[in-house]
*Asks:* 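Sharing a structure with you now.
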Amino acid sequence: MKAQINKPYITIPLFALIVLALSFGCARAPLNLPAQEMKSLDYEATGVEAFKAQDFQRALSKFKEALRLNASIDNRRGMVFDLINLGRVSVELGLADAALDYLSRAETLALAVNDDKLLSEAIAASAKALLWKGDKVDIETARARLSRSIEIDSKTGVRSGGKLNLMAAISVEAGEYAEAARQYEAALKVNEGNSDELEAANSLRAMSTLSERAGNSAEAILLRAKAYDLDRKSGDAVKIMDDLRSLAKLYDAAGNRGQALFHYARLYDAAAANDLTQTVRESLTELVRLSTETGDVKAAEDYKRILESVADNGAQK
Amino acid sequence: MEIIEEKDKRFKKLEWKIGLMVVVALAGIALVIVYIGIQKDLFISKYSVYFIADSGTGFKEAMPVRLSGFKIGRVKTIELIEGAQVKVTVELNRKYDKWMKLGAWATLAKEGFIGESYVEVALGHGEERPLEDGERMPYMKARGMEEIVEEVKPVLREVKDIIHYVNDPEGEIKKTLVNVKNLTADMSKTRQKVDDLLDSSNIAIKRIDTVLKNTDARTGELITNVNSKITSLTEKAEGAVAKLPAIAEKVDGIAENVRKLTGGLANDGPRIREIIANAEDASIQSKTLIRGVREGWPGRLMTPEPKKPELVPLDGTMLKRPVK
């Protein structure tokens, strides 16, 4: 008698049975978060979506509701997230003082929950809020705060290109252009390494401005065009219009009126679609000028007519 | 002359009788001897062959030699030879030598699993010559119980490991079975909730349907009445003064209808409130059921992963947004 048990004929079905049972039996951890926390997560997610769509008022209201829900159950960690988000949204809305208030509370709670990553984010956001206030004293405080945030990141292993961009922006505000250029280059490398297109675009945009200031139009156009391509992906209308405006000016300065006209026309369309009257007027004024200079009288008159109607109506659709 | 003359018949020719009896007895003995001889194959022509085995264990003299289960001989002698091997000589019946060709081989076998041992002979090749007297034949060692046990041992060990793995209370299979058991219990509760909800919903829907039908019928009547009255008023507009009493009477009729309708609705008010309350209960139960299904295992598979808190981007730029 020769007896042998073929191992795979037992172990393979057994393994399949285990996998099947696990996938049907104990696949997921149960949904055992409090109802308020679940709701707050929904509001947070909606707020983040609204922020990404540049609907900052809506984002603000969603984050406020999320904060209220988290506060009702003393979910401190959740509150830190909401306070930081509220701070950042307030900065975008130009409400620097409200932003600083939110972020100060966020820092206190981040220390309470002992979360260095969140603490670093709160400090960095407060640095940006200080920058946007524009006060000279606050610029230095912003630099100190941002340095502290970057120092905390070095301990937690985080490399944030956004914070490096802000540090470079501080250098620009302080008139330290060479240092700013070096910092933007370093930030760009980090952003490209992190595949962070939003911050990479910020780096390129700022580097373009510095190149323009240094008189290097060709490099400025190249950098700005790259920034424009990345900004198109994010769909941030303000950044896209800034890129179009800058490209139009650069081409105009370089004597390429055709490209300048094209970019001002694109800027006009975008501004009109976004109901930004000031930018509409600005772009139309330039279009009138350039059309006149290129001898396209008809186009110049058309643009002038539109400009007058915008001046009368206050907006052009 | 005989001195004594035998008178009894029984004793006459006694010598013959005794002689006959002796002869018969001797013949009987001879027959027995022959019979025994035939049984013991004493009169059969035999020849001997031998084989060499490593061990004499299991062999004994007079052990049968079988071919295809048929006895063809017996073991004659067993002797130890050089090299501590054992020479086993078998004596075979000559009439079977046509099968005992060169190439036949012997092995030790057992009847059944624990039966008597015997020497089994396997046939040789068809074309070879028969074995001759005193010739050697090959011996093949049969697989004993020990070899089989050695082969089965690793298998038994594996089986033991598998059983241990299955029986481990901290193992995945036991835990899975416990989880399945718990899930089955949850499913029963969920099903009960579904049944209760369906019952409540049915009752609530029926009630709402009845009320709506009644209301619809009364509203239709009212509209019909109102329409007819208005038409009548329009047609008689010029003679309105003369016909005012008649018109007033008709308006009274309309008012009476409205009063009846209002009274009807007022009577049904508690029922309507009850229906609304039931609908609210059904809604609460639905939410509970949905939560139960979501938290039960099939729902968990279909429900997306719970969201995690997320920060909006820092956006490291000084580009400020224009105020609209």
*Asks:* For B:Ile173, is it the side chain, the backbone, both, or neither that has a heavy atom closer than 4.5 Å to a heavy atom of chain A?
*Replies:* side chain
*Asks:* Counting distance only, does the side-chain N/O of B:Asp315 pair as donor-acceptor with the main-chain N or O of A:Arg88 below 3.5 Å?
*Replies:* no
*Asks:* Answer with side chain, backbone, both or neither: which region of A:Leu164 has an atom nearer than 4.5 Å to a non-hydrogen atom of chain B?
*Replies:* neither
*Asks:* Where do B:Leu314 and A:Lys163 come nearest, in terms of heavy atoms and distance?
*Replies:* CD2-CG, 3.7 Å
*Asks:* Does atom CZ (A:Arg159) have a neighbourhood of more than 12 heavy atoms from anything else shown, all under 6.0 Å?
*Replies:* no
*Asks:* Compare every heavy atom of B:Met318 with every heavy atom of A:Trp132, then report the nearest pair and how far apart it is.
*Replies:* NE1-SD, 3.7 Å
*Asks:* Highest number of heavy-atom pairs under 4.5 Å with chain B: which of A:Glu37, A:Glu92, A:Arg205?
*Replies:* A:Glu92
*Asks:* How far apart are the closest heavy atoms of A:Asn85 and B:Leu311, and which atoms are they?
*Replies:* OD1-CA, 3.3 Å
*Asks:* If you count the non-hydrogen atoms of other residues, nucleotides and ligands that lie under 6.0 Å from OH in B:Tyr139, is the total more than 12?
*Replies:* yes
*Asks:* Using a cut-off of 6.0 Å, state whether more than 12 heavy atoms not belonging to A:Gln278 lie near its atom CD.
*Replies:* no
*Asks:* Counting heavy-atom pairs under 4.5 Å to chain B, which of A:Asp82, A:Val172, A:Leu198 comes out on top?
*Replies:* A:Leu198
*Asks:* Relative to chain B, which segment of A:Phe81 carries a heavy atom at a distance below 4.5 Å: side chain, backbone, both, or neither?
*Replies:* both
*Asks:* Would you mind checking which part of A:Glu121 comes under 4.5 Å of any heavy atom in chain B, side chain (CB onward), backbone (N, CA, C, O), both or neither?
*Replies:* side chain
*Asks:* Let's test your reading of the structure: which of A:Arg77, A:Lys128, A:Glu44, A:Met167 forms the most heavy-atom pairs below 4.5 Å with chain B?
*Replies:* A:Lys128
*Asks:* Between chain B and each of A:Leu166, A:Thr279, A:Leu118, A:Asp196, count heavy-atom pairs under 4.5 Å; write down the option with the most.
*Replies:* A:Leu166
*Asks:* Counting only non-hydrogen atoms closer than 4.5 Å, does A:Gln54 touch chain B with its backbone (N, CA, C, O), its side chain (CB onward), both, or neither?
*Replies:* side chain
*Asks:* Do the charged groups of A:Lys52 and B:Glu310 touch, with an N to O distance under 4.0 Å?
*Replies:* yes
*Asks:* Does the A:Glu199 side chain pair with the main chain of B:Gly316, one donor and one acceptor, at a distance under 3.5 Å?
*Replies:* yes
*Asks:* Side chain, backbone, both or neither: which part of A:Asp236 has an atom under 4.5 Å from a heavy atom of chain B?
*Replies:* side chain
*Asks:* Count the heavy atoms of every other residue, nucleotide or ligand shown that sit under 6.0 Å from CD of B:Glu61, and state whether that count exceeds 12.
*Replies:* yes
*Asks:* Closer than 3.5 angstrom, by distance alone: can the side chain of A:Asn165 be matched with the main-chain N or O of B:Thr317 as a donor-acceptor pair?
*Replies:* no
*Asks:* Under 4.5 Å from any heavy atom of chain B, what part of A:Ala124 do you find: side chain, backbone, both or neither?
*Replies:* both
*Asks:* At a 4.5 Å cut-off on heavy atoms, which part of B:Leu177 comes close to chain A: side chain, backbone, both, or neither?
*Replies:* neither
